[in-house]
Asks: 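Structure provided below as structure tokens; questions to follow.
All residue numbers in this chain count up from 1 along the given sequence.
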Amino acid sequence: MTEPHSPTPSRWYLASTKPRLEKVALYNLEQQAFEVYLPLYKQYKKTANGPVEMFEPMFPRYIFFRPQSQNQSISVVRSTKGIHNLVRFGFEPASLDDELLDRIRQVEHLRNNASLLEISQLKPGQTVLFKHSALSGLEGIVQKVSSKRVAVLLQIMGHPTLVQVDHHQVELRT
């Protein structure tokens with residue numbers, strides 16, 4: 001199988017990575033003088049001490065790269081540590097233009113600058129279950145969500161009671 005004609009530096013290519021080795025692939029591609037982009041987005045992981053900010057790959061197991069010159073071959077990418085394979089459509093490597101990558105960067109920027117409140121899956125009117133507290137197992141309805149606390153309406157002994165708790169103390173009822 002022959003390699004495609006000289007890549008154009010303005011086109012980005014896509015490679016699949018080995019599981020959870022996106023950052024290893026990023027480092028190794030950079031060491032080979034490729035321009036590399038691994039979009040990350042902010043999410044909050046629930047912990048016993050409350051939500052913790054984490055940055056995860058936006059597209060798990062995929063990374064964008066492009067040669068820095070027209071003479072740089074992309075064939076070496078296949079054997080790069082952390083890379084599983086080049087993404088191809090038939091014999092041609094999958095490619096994207098700068099405009100699409102710029103849109104992905106915009107989404108990444110908006111997400112990474114969002115607060116917990118903007119990212120939270122908890123919304124007023126949703127039913128939640130309490131966990132990790134004296135109220136564990138009880139159901140309530142979310143009334144208000146702030147960046148630090150969630151206000152939940154409970155029925156306790158036939159009376160509505162509003163309780164303020166940390167985000168990690170409740171989860172959506174499925």
Side-chain angles (χ1 to χ4, degrees), residues 12-30 35-65 81-89 94-174:
W12 286 87
Y13 295 92
L14 184 62
S16 61
T17 67
K18 294 179 180 173
R20 291 177 289 289
L21 291 182
E22 295 92 351
K23 290 182 181 174
V24 170
L26 172 85
Y27 174 78
N28 288 305
L29 286 170
E30 286 176 338
E35 186 175 349
V36 187
Y37 176 46
L38 175 62
L40 300 174
Y41 72 94
K42 179 169 60 175
Q43 64 182 15
Y44 289 90
K45 298 279 185 179
K46 294 180 181 181
T47 68
N49 296 326
V52 174
E53 189 176 280
M54 309 264 311
F55 289 86
E56 300 287 336
M58 189 181 292
F59 307 106
R61 296 199 59 196
Y62 290 95
I63 193 165
F64 301 98
F65 71 94
K81 187 172 182 177
I83 296 291
H84 174 257
N85 215 338
L86 287 173
V87 175
R88 295 181 179 273
F89 296 110
S95 66
L96 305 101
D97 58 26
D98 283 331
E99 184 181 334
L100 182 56
L101 261 304
D102 287 344
R103 288 181 185 173
I104 293 170
R105 283 188 172 104
Q106 289 172 354
V107 169
E108 179 185 29
H109 177 76
L110 289 172
R111 174 71 182 221
N112 292 345
N113 289 305
S115 68
L116 172 63
L117 179 58
E118 294 168 318
I119 294 174
S120 176
Q121 294 180 358
L122 299 173
K123 308 284 184 233
Q126 292 177 315
T127 302
V128 293
L129 285 171
F130 283 85
K131 59 179 193 168
H132 308 300
S133 70
L135 302 172
S136 184
L138 292 179
E139 265 186 23
I141 297 178
V142 175
Q143 299 297 299
K144 185 178 177 185
V145 181
S146 73
S147 61
K148 300 218 184 271
R149 311 278 282 163
V150 179
V152 180
L153 184 64
L154 292 173
Q155 288 291 328
I156 299 179
M157 296 175 59
H159 297 290
T161 305
L162 195 61
V163 178
Q164 300 270 340
V165 295
D166 292 332
H167 283 253
H168 71 280
Q169 292 180 307
V170 293
E171 63 185 19
L172 286 174
R173 191 184 91 198
T174 54

Asks: Could you tell me whether a side-chain N or O of Ser16 sits under 3.5 Å from a main-chain N or O of Asn85, the two making a donor and an acceptor?
Replies: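 Between the backbone of Asn85 and the side chain of Ser16 there is a qualifying donor-acceptor contact (under 3.5 Å).
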Asks: Shortest non-hydrogen contact from Asn113 to Lys42?
Replies: C-NZ, 4.2 Å
Asks: For Glu99 and Arg103, which heavy atoms make the closest approach, and how far apart are they?
Replies: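 Smallest interatomic distance, heavy atoms only, reads OE2-NH2, 2.9 Å.
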Asks: How many angstroms lie between CZ in Arg173 and CD in Gln126, if you round to the nearest 0.5 Å?
Replies: 11.5 Å
Asks: Show the nearest heavy-atom pair for residues Val152 and Val128, with the distance to one decimal.
Replies: CG1-CG2, 3.9 Å
Asks: Hey, what do you get for CG (Leu154) to CD (Glu139), rounding to the nearest 0.5 Å?
Replies: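 Taking CG in Leu154 and CD in Glu139, the distance rounds to 10.0 Å.
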Asks: Check Leu21, Leu29, Val24 against Ile83 for a side-chain contact (heavy atoms from CB on, under 4.5 Å) and give me the one that passes.
Replies: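 With Ile83 as partner, Leu21, Leu29, Val24 yield a single side-chain contact (heavy atoms from CB on, under 4.5 Å), made by Leu29.
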Asks: Above 12 or not: heavy atoms from other molecules or residues under 6.0 Å from CZ of Arg20?
Replies: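 For Arg20, atom CZ is not crowded (no more than 12 foreign heavy atoms under 6.0 Å).
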Asks: Answer yes or no: is there a donor N or O on one side and an acceptor on the other, between the side chain of Gln169 and the main chain of Asp166, under 3.5 Å?
Replies: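 Yes, Gln169 side chain to Asp166 backbone: donor-acceptor pair under 3.5 Å.
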Asks: Give me the atom names and distance for the closest heavy-atom approach of Phe64 to Leu14.
Replies: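 Taking Phe64 first and Leu14 second, the nearest heavy atoms are CE2-CD1, 3.7 Å.
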Asks: Is a side-chain N or O of Asn112 found less than 3.5 angstrom from the main chain of Leu40, in a donor-acceptor match?
Replies: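 Here the side-chain-to-backbone pair exists.
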Asks: Between Glu22 and Arg61, does any side-chain N to carboxylate O distance fall below 4.0 Å?
Replies: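 Looking at Glu22 and Arg61, the cut-off is not met.
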Asks: Indicate yes or no: at least one non-hydrogen side-chain atom of Ile63 is less than 4.5 angstrom from one of Leu26.
Replies: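 With C-beta onward as the side chain, the pair touches.
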Asks: Strictly distance-based, threshold 3.5 Å: is any side-chain N or O of His167 a donor or acceptor partner for the main-chain N or O of Ser146?
Replies: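 Yes, His167 side chain to Ser146 backbone: donor-acceptor pair under 3.5 Å.
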Asks: Which atom pair, heavy atoms only, marks the closest approach of Val170 to Lys131?
Replies: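 For Val170 and Lys131, the tightest heavy-atom pair comes out as O-CE, 4.2 Å.
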Asks: Walk me through whether Ile104 and Asp102 qualify under side chain to side chain contact (heavy atoms under 4.5 Å, CB included).
Replies: CA-CA 5 Å; Ile104 293 170; Asp102 287 344; over 6 Å; no
Asks: Does Leu172 form a side chain to side chain contact (heavy atoms under 4.5 Å, CB included) with Leu122? I'd like the steps, not just the answer.
Replies: CA-CA 7 Å; Leu172 286 174; Leu122 299 173; 3.8 Å; yes
Asks: Side-chain contact, heavy-atom cut-off 4.5 Å: Gln155 with Pro160?
Replies: yes
Asks: Counting heavy atoms not belonging to Arg149, are there more than 12 under 6.0 Å from its CZ?
Replies: yes
Asks: Which atoms form the tightest heavy-atom contact between Pro124 and Gln143, and what is the distance?
Replies: CB-O, 3.6 Å
Asks: When rounded to the nearest 0.5 angstrom, what distance separates NE2 in His84 from OG1 in Thr17?
Replies: 9.5 Å
Asks: State the CD1-OG1 distance between Ile141 and Thr127, to the nearest 0.5 angstrom.
Replies: 5.0 Å
Asks: About how many Å separate CZ of Phe59 and CG of Leu38, when rounded to the nearest 0.5 Å?
Replies: 10.5 Å
Asks: Report the distance from atom OG of Ser136 to atom CZ of Phe130, rounding to the nearest 0.5 Å.
Replies: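 Reported to 0.5 Å precision, the distance equals 10.0 Å.
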Asks: Assess, by modelled atom type and distance only, whether the side chains of Glu108 and Tyr37 contain a donor and an acceptor separated by less than 3.5 Å.
Replies: yes
Asks: Looking only at side-chain N and O atoms, does Trp12 offer a donor or acceptor that is under 3.5 Å from a partner on Asp98?
Replies: yes
